[in-house]
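Heads up, the thing below is written out as structure tokens.
Whatever order the structure lists them in is the order used to number ligands and atoms, beginning at 1.
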Amino acid sequence: MYTYRNTKMIILQGDITKLKVDAIVNAANNRLLGGGGVDGAIHKAGGIEILEQCRKIGGCPTGEARITTAGKMQSKYVIHTVGPIYRGGHNNEREFLYRAYYNSLKLAVDYDIKTIAFPSISTGAYGYPIEEASEIAIKAVMDFIDKNDKIIQIIFVLFKENDFKIYKRKLDEIL
Ligand code: ADP
């Protein structure tokens with residue numbers, strides 16, 4: 001476990017849908033109607049209630065975030081954010097990925113969320129290289145904590161062992 005200011009940061013390897021936190025973050029797409037990867041897993045575990053709310057919301061621009069309840073999962077909320085599709089790194093991917101994390105945290109505070117879990121946004125189907133993506137994730141979270149001390153615990157959930165190792169190395173270096 002890592003501590004930055006008053007916020008605890010934890011890395012876990014596993015399935016984000018199994019966690020019991022105030023909010024889990026979904027790496028969604030612009031339509032917010034479900035998909036593969038973590039998005040598919042969240043909709044499958046949470047059930048139709050999430051999709052119904054997403055339909056009403058009507059979509060989400062890249063880098064922004066929207067919130068629904070978590071349906072049948074143990075967490076309270078799902079924050080749906082949309083990371084960038086990686087197209088070589090010269091299309092503001094870094095900025096959009098940063099905003100996806102930052103805006104998710106802003107929305108979390110609006111809903112009085114104290115514990116939040118992130119998957120590794122954009123590093124699956126969207127192709128963002130994990131080394132750089134993990135640095136951006138950590139930077140965005142730390143910048144947010146610098147401005148806001150309301151979130152108590154932030155968990156990075158890595159599905160793959162190798163991604164977990166990379167996050168661990170980066171956090172060991174930075175914190
Ligand atoms: P994106 O389209 O944003 O790249 P993906 O869902 O394809 O989203 O991948 C994002 C990350 O989510 C990948 O690192 C993938 O290994 C991970 N992932 C897939 N399923 C789960 C899950 N159930 N819990 C946590 N992470 C998951």
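Among all non-hydrogen protein atoms, the one lying nearest atom 3 (O) of ligand 1 is Ser122 N, 2.9 Å. Counting protein heavy atoms only, atom 14 (O) of ligand 1 is closest to Thr123 OG1, 3.2 Å. The shortest contact between atom 19 (C) of ligand 1 and any protein heavy atom is with Val38 N, 3.5 Å. If you check which protein heavy atom lies closest to atom 16 (O) of ligand 1, you get Phe159 CB, 3.5 Å. Here the protein heavy atom with the shortest distance to atom 23 (N) of ligand 1 is Asp15 OD1, 2.8 Å. Of all protein heavy atoms, the one closest to atom 24 (N) of ligand 1 is Ile16 N, 3.0 Å.
Listed by atom number, the atoms of ligand 1 under 4.0 Å from Asp163 heavy atoms are 14 (O). Heavy-atom contacts of Ala41 reach the following atoms of ligand 1: 23 (N) (cutoff under 4.0 Å). Annotation for ligand 1: atoms under 4.0 Å from non-hydrogen atoms of Lys160 are 16 (O).
Here ring-ring contact (aromatic ring centres under 6.0 Å, His included) pairs that include residues 31-79, with residues two or more places apart or in two chains, are Tyr77-Tyr111. Sorted by first and then second residue, the salt bridge (charged side-chain N to carboxylate O under 4.0 Å, His left out) pairs involving residues 52-71 (not counting sequence neighbours) are Glu64-Arg66.
Salt bridge absent: Lys106 and Asp110 never bring a charged side-chain N and a carboxylate O closer than 4.0 Å. With salt bridges taken as basic N to acidic carboxylate O contacts below 4.0 Å, none links Glu173 and Lys168. Between Arg5 and Asp149, none of the side-chain N atoms (NZ, or NE/NH1/NH2) sits under 4.0 Å from a carboxylate O, so this pair counts as no salt bridge.
The shortest N or O to N or O distance between Asp39 and ligand 1 is not under 3.5 Å. Among the atoms of Thr17, none of the N or O lies under 3.5 angstrom from an N or O of ligand 1. Looking at Ala27 next to ligand 1, no N or O pair under 3.5 Å apart turns up.
Residue Ile116 forms a side chain to side chain contact (heavy atoms under 4.5 Å, CB included) with just one option from Ile155, Val141, Leu105, and that option is Leu105.
Taking the ring axis of Tyr102 as reference, the NZ or CZ atom of Arg99 does not stay both within 45° of it and closer than 6.0 Å to the ring centre.
Within the set Ala117, Ser120, Ala125, the minimum heavy-atom distance to atom 10 (C) of ligand 1 is found for Ser120. Closest to atom 4 (O) of ligand 1 by heavy atom, among Gly124, Gly36, Ala133, Pro119, is Gly124.
Within 6.0 Å of CZ in Arg87 there are 12 or fewer heavy atoms belonging to other residues, nucleotides or ligands. Around the NZ atom of Lys114, the shell of radius 6.0 Å holds more than 12 heavy atoms that belong to other residues, nucleotides or ligands.
Residue contacts with ligand 1: Gly83 is excluded, as none of its non-hydrogen atoms falls under 4.0 Å. Contact between Gly14 and ligand 1 is present, with at least one heavy atom of the residue lying under 4.0 Å from the ligand.
Side-chain atoms of Tyr86 and Asn91 include no donor-acceptor pair closer than 3.5 Å.
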